[in-house]
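Input: a single structure, listed below in structure tokens.
Not measured: the values here are computed from a predicted model. FYI, side chains are in, hydrogens and waters are out, and symmetry mates aren't considered; it's all heavy atoms of this structure.
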Amino acid sequence: MVSTPHFLSARRLTPRHRAPRPASRRRAVAAATALLLAASGAGTSLAATQVTVKNPGGLTGVGPVNTEYGFPSWYEDSNKTRVELCLDAENPLCGFLPGDIPDGTAPISFPDNFPEEAFYMLAGSELTLPGGGRAVLVLGLEAAFANTVTQGDQVVFGRQRIVVKGGPANSTLTFQHPYGTISIDTDGAGDGKLVEDISPAVGNFSTALKSNIGPFLKWDPAAAPAAPEGYLGDPAQDHTVVGSPFNYNKFSVSGGGLSLETDQFTVQGKISTNQGVSGDRAVLNGSMIDVFASSGNGAQLQVDGQAGVFETTPMLSDPDTGRYYARVQFTGSAPSTVKVTNIGDKPASSSQISVTKPSGIMVTKAVYDGTTLTVGAVSSVGYPLTVTGLGTLEAPATAGAPAEKSFAVLAPPASVTVKTADGGAASLPVTVSGGAATPAGLDPVTPAPDPGPVVDTGSGSVPGQTQPTTAVATAASTSVTRGGTVQLDGSASTGAASYKWLQVSGPAVTFSSDTAAKPTITVPYYARTTDTAPLTAKSNDPIQLQLIVTDANGIGSAPATVNLTVQTDTVAVAGSRHRLGTELRVTGTSTLAGNTAVLIPAPTVIIYDTTPGRAVSKIGTAQVDTLGAWSYRAKPGPNRQITSVLVQSSRGGTATGVLATR
């Protein structure tokens, strides 16, 4: 079984449906993908489990990262509503339950007392199904961690999830919710599930903007009670909501004999009072530090003081620019970092900035006249200076004047970089002041007729031949699957001026180039979806290839041989039936020995009706899923009773099966 990343196993349904999760359920993020679609029930059809109506563009912006905990200060939706993480253990509107925060009696702090998951928005709804089953919907914009609560593991993603328990068995259910439509296949127990997370990328907080979440759902202001001031709603109460871009603020299901809906949702989310702050740069300049930062217009930014080094200093800004600046005078040794805080945010947001040294250098000239490139620079930290890729600049004769030098070049760089001995650097684009046009290219040479083979039958030495011509051929793998590829390598051959690859036996392969030193071969599929009748001949004999190399004098080598085993899958038919007039279901497995990984592209099986007493005919095709299962379903199915089938795989496997009729 493939392990589940920690954040994908999040157990939160709605704030009323949560249970503490042990830390042992954390999983690594390595197997995460930008989109996860999962359905319960091994061996059942997953064809209908998918997002059928999507909702892109609901989220439009993400704020600067708050360096207190490493997540964005806010997200903004298409209605210009901004929400921030609700991080108050004592505030019931944040929706935390016992166990969510390591020490619920202490304030939240990163990383020692920080929750494994928190939400910018979380909405949930539930449908009670006949017979005691239920369908639970979760819509959220979640902050979580790839592995553990540590700096550098932060991820944010948009989630939509529907879990069905005890619904109609072996049915396709269609769910509609405020952000779109989802179809889910249920298994024999009436269970099914779909989870979509877009997109859990560590530190890349813009990926959540591609999700189907947004605009943010909030309590309907026309229905009492009103939402708490500053919040989207109260997670402890069901309420009607607004915000659907489709104007469908409900959760409903149809199919499998069901037709149910509800307009009641739980909603959690804190409307942002924060603008955040982005620390852009802090540069040491003598006894001063020049600090640059960005935030929203009208923000209150300050450079936090450091005892005995410098005092707290407010930052200045030009109106409507979002730019902030302060020049801070320090005493003693220069600090390695400074902290910029937006004191207007509640809670205050901040950004830590590393203090860098100035380059101590300025490039004053980079001019190319067609033959020489003249470079000039002024340094406050000494000479000589290094002009990258060209040479050095010595100290000028006049103190304070630029150091200049001309370099003869045919192809100047697009920009010149000058470096000091201690690593400072500055660059300037090259300006072209003159020079003649580059000569046009020669006319193409008319090809001479092919003279045919040139044969030398002499017994003496061959001019130009310095070593024996020997072909050496290897392959990146000793086996290959149908539809797979293998790279060949003849580069170790000696005396080779040209290469020629040939196939001796086995299923016909396709060369990316049969005259390259390192070509790739592709083995054809066995059965194809376009087949209309079963294949009667199958060759899975070993593939034998040969390489012949030829030297500059036309003398060829003895052939070198590469042998590859063709690996085919094992196909089985199980759990299949045909209820005439009701349903045809053919299911089974396709496995490849020693390879449990996802096969790309996925194998396909072609299914034929081999019922005795009539001609063999094609039923259809099915794709093998990542667990090795495949399923073909048709309702009500063919109007002829099918009792046996032949299944052929694109990977070379073949199987027969008997269908139950009840």
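In this structure the side chain of Tyr632 reaches within 4.5 angstrom of the side chain of Leu584, judged on heavy atoms. Looking at heavy atoms from C-beta onward, Asp153 lies in side-chain contact with Thr148 at the 4.5 angstrom threshold. A 4.5 Å side-chain heavy-atom check between Val155 and Val202 finds at least one atom pair inside the cut-off. Here the side chains of Trp630 and Val573 are in contact, with some heavy-atom distance below 4.5 Å. Phe175 has its side chain out of reach of Leu194: every pair of non-hydrogen atoms, C-beta onward, lies at least 4.5 Å apart. Contact check for Val645 versus Ser576: no side-chain heavy atoms found under the 4.5 Å cut-off. Contact of the Asn247 side chain with the Asn249 side chain is registered, since non-hydrogen atoms from C-beta on lie closer than 4.5 Å. Looking at heavy atoms from C-beta onward, Glu126 lies out of side-chain contact with Phe251 at the 4.5 angstrom threshold.
Across all non-hydrogen atoms, the minimal contact from Asn170 to Gly188 is OD1-N, 3.3 Å. Between Arg159 and Glu142 the shortest heavy-atom distance is NH1-OE1, 4.2 Å. The two residues Gly167 and Leu129 come nearest to each other via the heavy atoms CA-CD1, 3.8 Å. Across all their heavy atoms, Phe145 and Pro115 have their closest contact at CE1-O, 3.5 Å. Between Leu141 and Ala208, the closest heavy-atom pair is CD1-CB, 3.9 Å. Between Asn212 and Glu196, the shortest heavy-atom contact is ND2-OE1, 2.8 Å.
Atom OG1 in Thr49 sits 6.5 Å away from atom CD1 in Ile184 (nearest 0.5 Å). Atom OG1 in Thr610 sits 8.0 Å away from atom CD1 in Ile619 (nearest 0.5 Å). Considering CD1 of Ile101 and OG of Ser109, their distance stands at 10.0 Å, rounded to 0.5 Å. How far CD1 of Ile162 is from CD1 of Ile182: 4.0 Å, rounded to the nearest 0.5 Å. Annotation: the span from Arg585 atom CZ to Ser631 atom OG amounts to 6.0 Å, rounded to 0.5 Å. Between atom CD1 of residue Ile271 and atom SG of residue Cys86 there is a gap of 11.0 Å, rounded to the nearest 0.5 Å.
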* **Worked check of side chain to side chain contact (heavy atoms under 4.5 Å, CB included) between Leu87 and Phe114** => CA-CA 9 Å; Leu87 297 175; Phe114 202 84; 4.0 Å; yes
* To do: Go through the steps for Ile198 and Phe157 under the test side chain to side chain contact (heavy atoms under 4.5 Å, CB included), then give the verdict.
  => CA-CA 5 Å; Ile198 301 177; Phe157 54 92; 5.9 Å; no
* Derivation of the side chain to side chain contact (heavy atoms under 4.5 Å, CB included) call for Phe119 and Val83 -> CA-CA 9 Å; Phe119 291 84; Val83 295; over 6 Å; no
* Asked: Could you walk me through whether Gln160 and Asn55 pass the side chain to side chain contact (heavy atoms under 4.5 Å, CB included) check?
  -> CA-CA 11 Å; Gln160 55 176 332; Asn55 174 44; over 6 Å; no
* To do: Walk me through it: do Glu261 and Ser252 pass the test side-chain hydrogen bond (donor to acceptor under 3.5 Å, both in side chains)?
  => CA-CA 4 Å; Glu261 71 174 23; Ser252 65; 5.2 Å; no
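Under the 3.5 Å distance criterion, the side-chain polar atoms of Gln268 are left unmatched by any main-chain donor or acceptor of Phe96. Looking only at distances, no side-chain donor or acceptor of Gln154 sits under 3.5 Å from a matching main-chain atom of Phe205. No donor-acceptor pair under 3.5 Å is formed between the side chain of Asn79 and the backbone N or O of Phe216. Formation of a donor-acceptor pair under 3.5 Å by the Ser244 side chain with backbone atoms of Phe246 is found in this model. For the pair Tyr120 (side chain) and Ala143 (backbone), a donor-acceptor distance under 3.5 Å is absent. Put simply, the side chain of Asn342 never gets that close to the backbone of Ser349: no donor and acceptor are under 3.5 Å apart. Counting only distance, with no hydrogens or angles, the side chain of Ser125 and the backbone of Gln264 share a donor-acceptor pair below 3.5 Å. Using a distance-only test at 3.5 Å, with no hydrogens or angles considered, a donor-acceptor pair links the side chain of Thr60 to the main chain of Asp77. At distances below 3.5 Å, at least one donor-acceptor pair connects side-chain atoms of Gln648 with backbone N or O atoms of Leu535. Without hydrogens or angle criteria, Asn113 side chain to Asp103 main chain gives a donor-acceptor distance under 3.5 Å.
The aromatic rings of His239 and Trp219 lie parallel to each other, with less than 30° between the two planes, well short of the 60° mark.
Contacts classified as side-chain hydrogen bond (donor to acceptor under 3.5 Å, both in side chains) and involving residues 613-623 (residues at least two apart or in different chains) are given here: Asp609-Arg614, Thr611-Arg614, Ser617-Arg640.
Between Arg651 and the choices Thr481, Thr568, Thr604, Asp569, the side-chain hydrogen bond (donor to acceptor under 3.5 Å, both in side chains) rule is met once, by Thr481.
Applying the side-chain hydrogen bond (donor to acceptor under 3.5 Å, both in side chains) test to Asp88 and every residue at least two apart in sequence or in another chain returns nothing.
For Lys218, the NZ atom counts as loosely surrounded, since its 6.0 Å shell holds 12 or fewer non-hydrogen atoms of other residues, nucleotides or ligands.
Salt bridge Asp263/Lys250: absent, no basic N to carboxylate O contact under 4.0 Å.
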